[in-house]
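Values below: all heavy atoms of this structure, side chains included; hydrogens, waters and symmetry mates excluded.
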There are 2 protein chains.
Amino acid sequence: MPERPGVRDVLHQSALLNKLEAHALEELASACRMEPAEKGETIWLSGKHTDYFGVVGVGFVKMVKTVETGQDLTHEIMGPGQVFGLMGTVDGCGCPLEARAVTGTWYVRVPKADFLKVYGSSHELKDVLIRRASVRLHVAHDMISRLSTGSVSNRVGAVLQILAGDYGHETAEGVEIRIPLRRQDIAELAGTTVESTIRVLSKWQKEGKIRSGTQSIVITDLEAMARESRI
Amino acid sequence: MPERPGVRDVLHQSALLNKLEAHALEELASACRMEPAEKGETIWLSGKHTDYFGVVGVGFVKMVKTVETGQDLTHEIMGPGQVFGLMGTVDGCGCPLEARAVTGTWYVRVPKADFLKVYGSSHELKDVLIRRASVRLHVAHDMISRLSTGSVSNRVGAVLQILAGDYGHETAEGVEIRIPLRRQDIAELAGTTVESTIRVLSKWQKEGKIRSGTQSIVITDLEAMARESRI
DNA sequence: CCCTGGTTATGACGCAGGTCATACGATGGG
DNA sequence: CCCATCGTATGACCTGCGTCATAACCAGGG
């Protein structure tokens with residue numbers, strides 16, 4: 001389990017919440033609580049109405065939808081500073097996705113009521129939220145395009161590209177995705193099976209396009225990956 | 001070609017724009033222009049920056065993404081009173097989708113600049129927009145789930161359910177979708193091929209679950225359709 | 001040290017559905 | 001009225017990938 005961070009530090013990291021005035025942020029922070037989650041632990045269940053939303057402090061959280069047949073699919077991976085479950089907060093319906101810790105995680109619980117007090121009158125927060133929704137919609141539409149017309153490798157490539165863009169570190173070798181994801185996790189993001197994901201990644205590994213360890217994946221051939229993930 | 005409606009009537013129909021004060025709406029209306037589009041005509045191209053967004057007056061418009069291979073996929077069908085291309089307006093990026101008329105259509109061109117003047121200071125408009133974005137995101141995620149784990153018939157069923165919910169008319173026979181959609185259009189919505197769509201719809205027709213004419217489709221067995229489209 | 005459970009890896013097999021070919025029924029223009 | 005064009009319909013074929021089975025590997029606990 002990583003070390004427990006401070007509530008204020010985490011809220012400051014959020015590109016959304018740090019738009020708040022210092023005193024408003026302070027007041028909000030004093031109503032929040034830092035909470036741990038074990039690897040694999042469910043933070044909340046899909047559709048469940050909670051009285052808070054989350055901000056990731058350290059670790060990673062995935063937003064999961066479980067379908068009838070029991071398969072899970074992950075719509076998003078949230079990392080440090082990212083807010084999750086907020087859309088459900090402001091539109092009044094609960095979050096339709098389950099939040100589950102990918103790694104040992106510390107996250108801040110922000111009480112909805114306290115947030116809504118400052119949110120309701122803030123044009124800036126609303127503007128940021130709309131922009132984020134727009135981006136997410138965009139990403140979702142791209143995924144739909146790839147699912148309709150693309151191949152499994154196309155989607156796995158896109159997932160790696162997105163993760164690299166959001167959480168990648170530039171290294172001498174290439175872009176490193178420092179998230180301890182299993183093949184299963186990647187499969188859930190790409191909307192396919194573990195086996196297919198393994199086949200694709202093994203192939204790329206042999207071709208020298210990526211290098212994968214247990215704790216990270218490095219995209220060594222960025223150009224090839226861009227080609228693979230093109231819509 | 002249907003008869004040309006009035007700009008003010010159309011703007012009033014919009015659940016978004018009629019949130020505006022009467023005088024603000026009137027001012028906006030005076031800056032707008034009613035525009036026709038033939039069946040199949042492109043209103044704007046994907047990614048193209050226009051200085052306006054649209055509100056459907058009569059007819060239907062589809063929001064299309066064309067992929068590398070030349071296949072089109074439709075993310076949404078917009079009907080009377082619906083606003084399209086607005087997300088691209090408020091987030092500054094252009095609309096990533098092509099707008100194309102499904103039928104003979106009249107739509108209002110609302111100049112972005114005039115809209116943004118009233119939008120920037122309106123909490124109500126922003127709230128509505130966020131809610132809409134939230135719903136659309138939800139729908140997109142459901143589609144992703146179905147594309148990942150469901151079958152073609154599952155998706156075609158979902159498309160019919162959604163269209164029925166948005167534009168359905170209750171009749172003695174069942175719910176009628178009064179949009180002159182070709183099998184091709186439905187295929188693009190469901191992310192599959194015409195042939196597969198035809199097979200599914202023919203089968204359902206034989207089983208008495210739907211009845212399809214050239215100008216409309218009637219869902220006669222609502223329960224069966226709900227079963228087919230379940231995630 | 002071994003045992004157990006989780007993860008990666010690989011082969012064999014089957015099928016849903018994409019692709020191609022063909023035909024028939026509508027609709028509309030000359 | 002005929003012909004051209006578009007949409008619907010249906011069969012035959014083929015393949016990507018999901019499914020199942022099996023094995024190797026690795027880490028942690030007793």
Lys/Arg N to Asp/Glu carboxylate O, A:Arg136 vs A:Glu76, below 4.0 Å: yes
Residues, nucleotides or ligands: over 12 heavy atoms within 6.0 Å of A:Gln205 CD: yes
5' priority, DNA chain C, between A:Gln184 and A:Ser148 [closest heavy atom]: A:Gln184
N or O in side chain of A:Arg183 less than 4.0 angstrom from C:dT7 OP1/OP2: no
Plane angle bin for A:His141 and B:His75 - parallel if under 30°, tilted between 30 and 60°, otherwise perpendicular: parallel
B:Glu195 side-chain proximity, nearest of C:dT10, C:dT8, C:dT19: C:dT19
Value in whole Å for how far the P atom of C:dG17 lies from CG of A:Leu147: 14 Å
C:dG11 base / A:Arg199 side chain donor-acceptor hit below 3.5 Å: yes
Under-4.0 Å salt bridge between A:Lys62 and A:Glu188: yes
Length of the line joining B:Asn154:CG and C:dA16:C1', which is rounded to integer Å: 14 Å
CD (B:Glu68) with more than 12 external heavy atoms under 6.0 Å: yes
B:Arg100 and its side chain to side chain contact (heavy atoms under 4.5 Å, CB included) partner, picked from B:Ile43, B:Thr74, B:Asp72: B:Asp72
Contact interval (first through last nucleotide) of DNA chain D with protein chain B, 4.0 Å heavy-atom: D:dG7 to D:dA12
Sugar-phosphate only, base, or nothing, as touched by B:Ser151 at under 4.0 Å among non-hydrogen atoms: sugar-phosphate
A:Ser202 side chain near C:dA9 phosphate (N/O to OP1/OP2, under 4.0 Å): yes
For atom CD of B:Gln215 and atom P of C:dA26, their distance in whole Å: 14 Å
Salt bridge flag under 4.0 Å for residues B:Arg183 and B:Glu195: no
Residue closer to the 5' end of DNA chain D, A:Gly191 versus B:Ile198 (nearest nucleotide): B:Ile198
Whole-Å gap separating C1' (C:dT7) and CD1 (A:Ile186): 12 Å
